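Okay, so here's the structure we're looking at.
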Number of protein chains: 2
Amino acid sequence: MSDTEQLPAWCPGDGWCSITATASLVGKKWHPVIIHRLLHHGPLGFNALQEEVDGISSKVLSESLDDLEEKRVVSRTIVSEKPVRVEYALTELGESLEPVVTALAEWGEQHLEPVDEEAASVV
Amino acid sequence: MSDTEQLPAWCPGDGWCSITATASLVGKKWHPVIIHRLLHHGPLGFNALQEEVDGISSKVLSESLDDLEEKRVVSRTIVSEKPVRVEYALTELGESLEPVVTALAEWGEQHLEPVDEEAASVV
DNA sequence: ATAGCCAGTTACGTTACCGTAAGCGGGTCA
DNA sequence: TGACCCGCTTACGGTAACGTAACTGGCTAT
């Protein structure tokens, strides 16, 4: 590490930061899980997705989907069959997040699973 | 995608989720940036780190470092020279986050930079 | 003694995010 | 017609995260 080290441009000093920007997309509690489920289960309806995510409320799921749709990560397709169906799927942009979500998942797998937060130090 | 598809175990239905767990570490606004700076600039003092991160306040930096220290991601070393110095560095666990932070950074680089949020749709 | 750097802390306020509970409009099925 | 599924929305509340501003305390250099 010398003094004149050039940073890879993705850490500028002028406001924008690719890390923060990406984190604001994937850093919400449910966002990465939703994306992961969509990656591995193809298009899903609202209720199916809710069951898939396990723990999320309809309200939060709805909000998250709105957010992700606005950010062009998921697409909402109304399938006009008799019972009005809706299908949520990843856009290309959303699918491109696969490495990111995978990185999150694998790191958690490898470094976080043997969690002993309460058994660790205090008391 | 068949029906009996086995998920890689890192997306259980029973509460714990490696993705969410990791996101709770790296998903905060400043956490990944701090880690990134520490990855690329070696150990830094408080003020040096604050200047490096650019935009963070001393309070938030302090809080973030407390959090990251508690989670064994960064270490705080008091270098007891005459002017009391402190050095923040990554632990092994912290360094292992490199792929995750890199994934965030690179995705942002490749998919988010040409941002035209305001120029896009409305008005 | 005054000024300045380093490493924070405290007080205070705002916004974002998450969660519960309930309800609603439309359709299907019996 | 009533019971039930689907796809949400609304109302309400709490906590956590973030932000600003000011201030502290130890040490140093002048």
Side-chain angles (χ1 to χ4, degrees), chain A residues 15-17 19-35 37-38 41 43-71 73-89 117, chain B residues 15-17 19-35 37-38 41 43-71 73-89 117:
Chain A
W16 200 78
C17 175
I19 300 178
T20 302
T22 309
S24 79
L25 245 174
V26 190
K28 314 297 170 70
K29 180 167 185 181
W30 296 107
H31 280 35
V33 187
I34 294 171
I35 293 169
R37 295 305 190 273
L38 254 22
H41 292 277
L44 287 173
F46 188 89
N47 286 351
L49 188 52
Q50 185 174 2
E51 273 162 40
E52 204 55 61
V53 170
D54 183 64
I56 198 171
S57 72
S58 58
K59 179 217 162 191
V60 174
L61 177 57
S62 182
E63 282 175 0
S64 302
L65 288 171
D66 284 352
D67 190 29
L68 289 170
E69 196 186 349
E70 188 190 340
K71 282 162 178 161
V73 169
V74 310
S75 63
R76 188 173 172 276
T77 311
I78 301 173
V79 182
S80 280
E81 297 167 6
K82 338 304 160 51
V84 184
R85 263 194 159 231
V86 177
E87 275 193 348
Y88 292 96
E117 286 179 5
Chain B
W16 200 79
C17 176
I19 301 177
T20 303
T22 309
S24 79
L25 247 173
V26 191
K28 314 297 171 68
K29 180 167 184 182
W30 296 106
H31 280 36
V33 186
I34 293 170
I35 294 169
R37 295 307 190 271
L38 253 23
H41 291 277
L44 286 173
F46 188 88
N47 285 351
L49 187 52
Q50 184 173 2
E51 271 163 39
E52 204 56 60
V53 169
D54 185 63
I56 198 171
S57 72
S58 59
K59 179 218 164 191
V60 175
L61 178 57
S62 181
E63 281 175 1
S64 302
L65 288 172
D66 283 352
D67 190 30
L68 289 170
E69 196 186 349
E70 187 190 342
K71 281 159 179 162
V73 171
V74 310
S75 64
R76 188 171 172 277
T77 309
I78 301 174
V79 182
S80 278
E81 299 165 5
K82 336 307 162 53
V84 185
R85 266 196 156 221
V86 178
E87 275 193 350
Y88 291 96
E117 285 178 6

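Values below: every heavy atom of this structure, side chains too, minus hydrogens, waters and symmetry copies. By convention in this document, chain letters (A, B, ...) are assigned in the order of the sequence lines, proteins followed by strands, and residues within each chain are numbered from 1. All figures in this text were calculated on a predicted structure; none of them were measured in a lab.
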Separation of atom CD1 in Ile78(A) from atom P in dG26(C), rounded to whole Å
14 Å
Any side-chain N or O of Tyr88(A) under 4.0 Å from OP1/OP2 of dC8(D)?
yes
Can you find a heavy atom in the side chain of Thr77(A) that is under 4.5 Å from one in the side chain of Val86(A)?
no
Would you give a per-nucleotide map of nucleotides 16-30 of chain D, 5' to 3', where B means the base has a protein non-hydrogen atom under 4.0 Å away, S means only the sugar-phosphate does, and - means neither?
-SBBB------SS--
Just wondering, do Leu61(A) and Trp30(A) contact through their side chains at under 4.5 Å, heavy atoms?
no
Here the distance between atom P of dG7(D) and atom CD of Glu69(A), to the nearest Å, is 14 Å
Give a yes/no on whether any side-chain N or O of Arg85(A) is located under 4.0 angstrom from OP1 or OP2 of dG27(C).
no
Nearest-Å distance for atom pair CG/P, residues Leu61(B) and dC6(C):
14 Å
Partner of Gln50(A) under side chain to side chain contact (heavy atoms under 4.5 Å, CB included), chosen from Asp54(A), Val53(A), Asn47(A):
Asn47(A)
Can you check the Leu44(A) CG to dC6(D) C1' distance for me, whole Å?
14 Å
Asn47(A) CG - dT28(C) C1' separation (whole Å)
15 Å
Distance in angstrom units between Gln50(A) CD and dC8(D) P, rounded:
11 Å
Between Ser62(A) and dC8(D), does any side-chain N or O lie under 4.0 Å from OP1 or OP2?
no
Rounded off to whole Å, could you give me the CZ-to-P distance for the Arg76(A) and dG7(D) pair?
10 Å
Side chains of Glu69(A) and Val73(A): does their closest heavy-atom pair fall under 4.5 Å?
no
With heavy-atom distances below 4.5 Å as the criterion, would you say the side chains of Ile56(A) and Leu49(A) are in contact?
no
What I'd like to find out is whether the side chain of Ser64(B) reaches to under 4.5 Å of the side chain of Lys28(B), using heavy atoms alone.
no
